[in-house]
Amino acid sequence: MQSSEQEEDLRLLRESARTLFDRAGGSGRARKLRDAGGEFDPDMIRELAEAGVFGVAVPEDQGGLGMGLAAGGVIAEEAGRVIAPEPVVATIGLGLGLLHRLCPDHPKLAQLIGGEASLAVAWQERGPGGAPAQATCRYAEGKLTGGKAWVVGAAGSQGFLVVAEGDDGPVLVLAEVGAAGLVTNTRAQADGSSLGELSFSATPAEELASGAAVRNALAEAVADATALAAAELVGLCQRAFEITLDYIKTREQFDKPIGSFQVIQHRAVDLNVMCEVAQAGVREVLARMDGETDANTRSRLASRAKARAVTAARKVTRDAIQLHGAVGYTDEFDIGLYMNRALVLSAWLGDDAYHRRAWFDAREEEGAAQ
Amino acid sequence: MTDWNAMSDAEFRKEVRGFFEAEYPEELRHLPHRPKFCEIEPWHRKLHARGWVAPAWPAEYGGMGLNAAKLLIFYEEQQRWGVNRGRDMGVQMVGPLIIKFGTQEQKDYWLPRILSCEDIWCQGYSEPGAGSDLANLRTRAEIDGDEFVINGQKIWTTMAHDATHIFMLVRTEPDTPRKQQGISFVLAPMDQPGVEVRTITTLSGETEFCEVFFDNARTPRENLVGELNKGWSMAKALLSFERIFIGAPSLAQNALGQLESFARGRGAFDDPVFRDRFAQAALDVEDHAALYARFADQLKRGETLGADVSMLKIWVTECFQRITELMIEAAGPDGGTVGPLQVGNVSVDVLASFYKARPTTIYGGSNEIQRNILSKAVLGLPG
Ligand SMILES: Cc1cc2nc3c(=O)[nH]c(=O)nc-3n(C[C@H](O)[C@H](O)[C@H](O)COP(=O)(O)OP(=O)(O)OC[C@H]3O[C@@H](n4cnc5c(N)ncnc54)[C@H](O)[C@@H]3O)c2cc1C
């Protein structure tokens, strides 16, 4: 699928991303930020931007690196390994995914790539029962009215890219933080981050794009972000597994390392296989999505990736706690942070059960189209 | 004194339910965390006044003297109404041990204080090097005149920061051919200079367990329960009781009830796949209850339980975990959200249930250890 030159590029990218995250403090940074009550680190955003991280998948003629989604996946995996709290995937997949498709000339695109702006994307809505519902948030005569939910990165962002219903179909608009009638509530998440719940009443917003193009771009951006979130989970799983493997080699009970008990050995092997399958599947998906233009096929691929990654992350992080025994249940050990982060990434953009259904539906639709 | 066992099951259930519904404080129903004693003290006073603190203890020691069937009903009603168990390690763990192995003086002194919660107990078994391999414990107790002098460290001691006393396994004879020998069971007061308690934060941010350090802590010699150096077999004698308790259906039943109202409110039952998964969990819980009743009947007939009781704990804890995973699934994009989620007029703390379910496969003998026991002691497999 990839040429050896591309592969080499990705390898180098992975190396530099890993170095960057490790130098910044690895998983210890996530803990520090959480304890300080911070959502993410502005310095880190700048550093990531300088390394070109946000623009990896943006075409070169739009100021990005043009390396495609596969490169985005490399960054996401590395962010997952150190459970980086920054909304890297949300920015690459959703924010930039929308801007570069819909309004490549808007100054916010360059600012987002350069780390000078932070924008959260608000597109989902909560129905009366609490579950996701059909979008009803309206945009008319320059004003937004309604609400949006599950906004990743809301707490630290300067503005919101809002997908709303306009007079002629969907619109993408930009509402600045502090705009009249905009109220932001946050809901604390298991990993110390938060999700935003926005409500607008006649909130002024700038229209960036409208019509069917918005609907299509949103579907593509959501597919990108979904596959990238899967990659983030893959990185998280790999690291959670490594931590656990180290632990079972060193923890002794009954005068031997617990890793010498066959049942523990088999469990470890199963987790390892699970991680490798997930990594292979998700990386293949990302590489294929780059060359795929059919929207339905892209979203099917993304569902495949997320379904696999969530299943793997659930198994790996839960078993990791079990294999640690009581220390796994403490906040002192990092392994709990990995489980908490996995909970959040799994719930975002659909869990495995959701994506298996989506995958099946997309496949039926493709079959019908042929 | 009422002979509860003489009542019909239905009458007894009505009696218990009526009391809980009338007297249990609404704001304490389905508490998502382990309360400190002060939080539930008013409720404890009511229970105590009624003589209902220790449903399983014989009536002569101030218990309700319930047989296994009545006990099951009592616990069912307790969980149905979301009645907190309170600080019950005294009642559940140390009390039965004192009743079985204690001297008359020990019974006369400690049991009433357990019932009144004048003494609040924590369990000091595990140590950093002694988890699954409990017999590896190193905390020393040396006899000095009419006292034991205790040195060492316990860990994972649930609610030690809210306890007045600790019951512990300690090493009283250092060099024995087998690790299980030379261990004794002693009771010690926590409020003394030689005892230091440090709380440990769990991955959900709660402080419910602790490290307890002993630096020349002291306890009177008469606080030895049972024979010196024979603590291991006593602690083991209690295990089968503990395992049926820990294998009880209540946690899973309670979680299933929460899952049902939450999933219904969220519209998750519109999806046939979810309905199937829910049905699976519900049947897992029902059939577990049937198996549980079999063991409970054995107790009722006065038989002692065998090692096979471990299967209850394996089944119910893993089932509990699956149910909480289903809650997270039903929560959809709120699956990582901390705190209660509102659906209609019910509110369910999905993550709190999830976190509560995680360590059930670790404590009380991990599920791996339970499987080791079953494969050897029940299936007779070699090794
Ligand atoms: C929430 C909570 C509350 C607790 N409260 C108390 C308390 O109040 N008082 C108290 O004394 N203790 C308490 N404990 C401690 C509990 O009893 C221990 O956690 C338990 O005995 C396991 O020991 P460990 O944590 O050291 O794990 P380890 O023994 O180190 O086990 C680590 C992993 O290895 C596995 N393993 C170990 N040996 C074997 C083997 N031979 N074969 C296969 N697998 C094996 C285990 O199953 C586990 O998965 C509590 C624990 C928790 C989590």
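All chains are named by letter (A, B, ...) in the order of the sequence lines, taking the proteins before the strands, and each is independently numbered beginning at 1.
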Exercise. Minimum heavy-atom separation for Glu329(B) to Ala353(A), with atom names?
Worked result: OE2-CB, 3.3 Å
Problem set entry | Rounded distance (nearest 0.5 Å) linking atom CD1 of Ile321(A) with atom OH of Tyr355(B) | 9.5 Å
Problem set entry | Winner by heavy-atom pair count (cut-off under 4.5 Å) against chain B, out of Gln124(A), Arg341(A), Glu252(A), Arg267(A) | Arg267(A)
Exercise. Is Arg198(B) paired with Glu332(A) through a side-chain N to carboxylate O contact shorter than 4.0 Å?
Worked result: no
Exercise. Checking Trp150(A) against chain B: side chain, backbone, both or neither under 4.5 Å from a heavy atom?
Worked result: side chain
Exercise. Looking at Val343(B), Leu351(B), Asn372(B), Thr361(B), which one has more heavy-atom pairs under 4.5 Å with chain A than the rest?
Worked result: Thr361(B)
Problem set entry | Test log, rule side-chain contact (heavy atoms from CB on, under 4.5 Å), inputs Glu368(B) and Ile258(A) | CA-CA 11 Å; Glu368(B) 288 76 23; Ile258(A) 56 174; over 6 Å; no
Exercise. So what's closer than 4.5 Å to chain B heavy atoms on Asp255(A): side chain, backbone, both or neither?
Worked result: both
For this session: Check the surroundings of atom CZ in Arg300(A): do more than 12 heavy atoms from other residues, nucleotides or ligands lie under 6.0 Å from it?
Result: yes
Exercise. Of all of Gly332(B), Ser132(B), Gly265(B), which one pairs up most often with chain A through heavy atoms under 4.5 Å apart?
Worked result: Ser132(B)
For this session: Mind checking ring pair (Phe, Tyr, Trp, His ring centres under 6.0 Å) for Phe269(B) and listing every partner two or more places apart, or none if nothing turns up?
Result: Phe274(B), Phe278(B)
Exercise. In this structure, are over 12 heavy atoms from other groups packed under 6.0 Å from Arg138(B) atom CZ?
Worked result: no
Exercise. Hey, is CZ on Arg251(A) packed in by over 12 heavy atoms from elsewhere, all under 6.0 Å?
Worked result: yes
Exercise. Just wondering, more than 12 heavy atoms not from Trp315(B) lying within 6.0 Å of its CH2?
Worked result: no
For this session: Apply side-chain contact (heavy atoms from CB on, under 4.5 Å) to the pair Gln189(A) and Thr337(B), showing each step before the final yes or no.
Result: CA-CA 4 Å; Gln189(A) 300 297 296; Thr337(B) 299; 2.9 Å; yes
For this session: Inspect the surroundings of CG in Asp175(B) and state if more than 12 heavy atoms from other residues, nucleotides or ligands are less than 6.0 Å away.
Result: no
Problem set entry | Min side-chain heavy-atom separation Arg356(A)-Val273(B) under 4.5 Å | no
For this session: For chain A, find its close neighbours in residues 122-130 of chain B: heavy-atom separation under 4.5 Å, sorted by number, or none.
Result: Pro128(B), Gly129(B), Ala130(B)
Problem set entry | Side chain, backbone, both or neither of Ile155(B) within contact of chain A (heavy atoms, under 4.5 Å) | neither
For this session: Sequence neighbours left out, what passes ring pair (Phe, Tyr, Trp, His ring centres under 6.0 Å) with Trp156(B)? Give chain and number order.
Result: Phe209(B)
For this session: Could you grab the distance from atom CD of Glu206(B) to atom CG of Asp331(A), nearest 0.5 Å is fine?
Result: 11.5 Å
Exercise. Any idea which of Ala268(B), Gly131(B), Ala135(B), Ala330(B) has the most non-hydrogen atom pairs under 4.5 angstrom with chain A?
Worked result: Gly131(B)
Exercise. Among residues 322-330 of chain A, which residues come closer than 4.5 Å to chain B, judged by heavy atom distances?
Worked result: Gln322(A), Gly325(A), Ala326(A), Val327(A), Gly328(A), Tyr329(A), Thr330(A)
Problem set entry | Value rounded to 0.5 Å, distance of CZ in Phe254(A) from CG in Leu134(B) | 9.0 Å
Exercise. Lys256(A) and Asp133(B): side-chain contact (heavy atoms from CB on, under 4.5 Å), yes or no, with the steps?
Worked result: CA-CA 11 Å; Lys256(A) 343 181 161 98; Asp133(B) 185 12; over 6 Å; no
For this session: Identify which of Pro128(A), Ala188(A), Ala342(A), Pro132(A) forms the greatest number of heavy-atom pairs closer than 4.5 Å to chain B.
Result: Ala188(A)
For this session: Supply the atom-to-atom distance Asp351(A) CG to Glu325(B) CD, rounded to the nearest 0.5 angstrom.
Result: 10.0 Å
Exercise. When heavy-atom pairs shorter than 4.5 Å are enumerated against chain B, which of Ala190(A), Gly336(A), Ala149(A) gives the highest number?
Worked result: Ala190(A)
Problem set entry | Contact origin within Ile369(B) toward chain A - heavy atom pairs under 4.5 Å | side chain
For this session: Evaluate the side-chain contact (heavy atoms from CB on, under 4.5 Å) criterion for residues Leu203(B) and Tyr338(A): first the C-alpha distance (whole Å), next the side-chain angles of each, then the deciding distance (0.1 Å), finally the verdict.
Result: CA-CA 10 Å; Leu203(B) 51 73; Tyr338(A) 280 79; over 6 Å; no
Problem set entry | Heavy-atom contact with chain B under 4.5 Å, split by part of Arg318(A) | both
Seminar exercise, completed: One option among Leu343(A), Leu345(A), Leu337(A) has the most heavy-atom pairs under 4.5 Å with chain B, and it is Leu343(A)
Exercise. Tell me, side chain or backbone of Asp271(B) under 4.5 Å from chain A's heavy atoms, or both, or neither?
Worked result: side chain
Problem set entry | Structural part of Arg371(B) lying under 4.5 Å from a heavy atom of chain A | neither
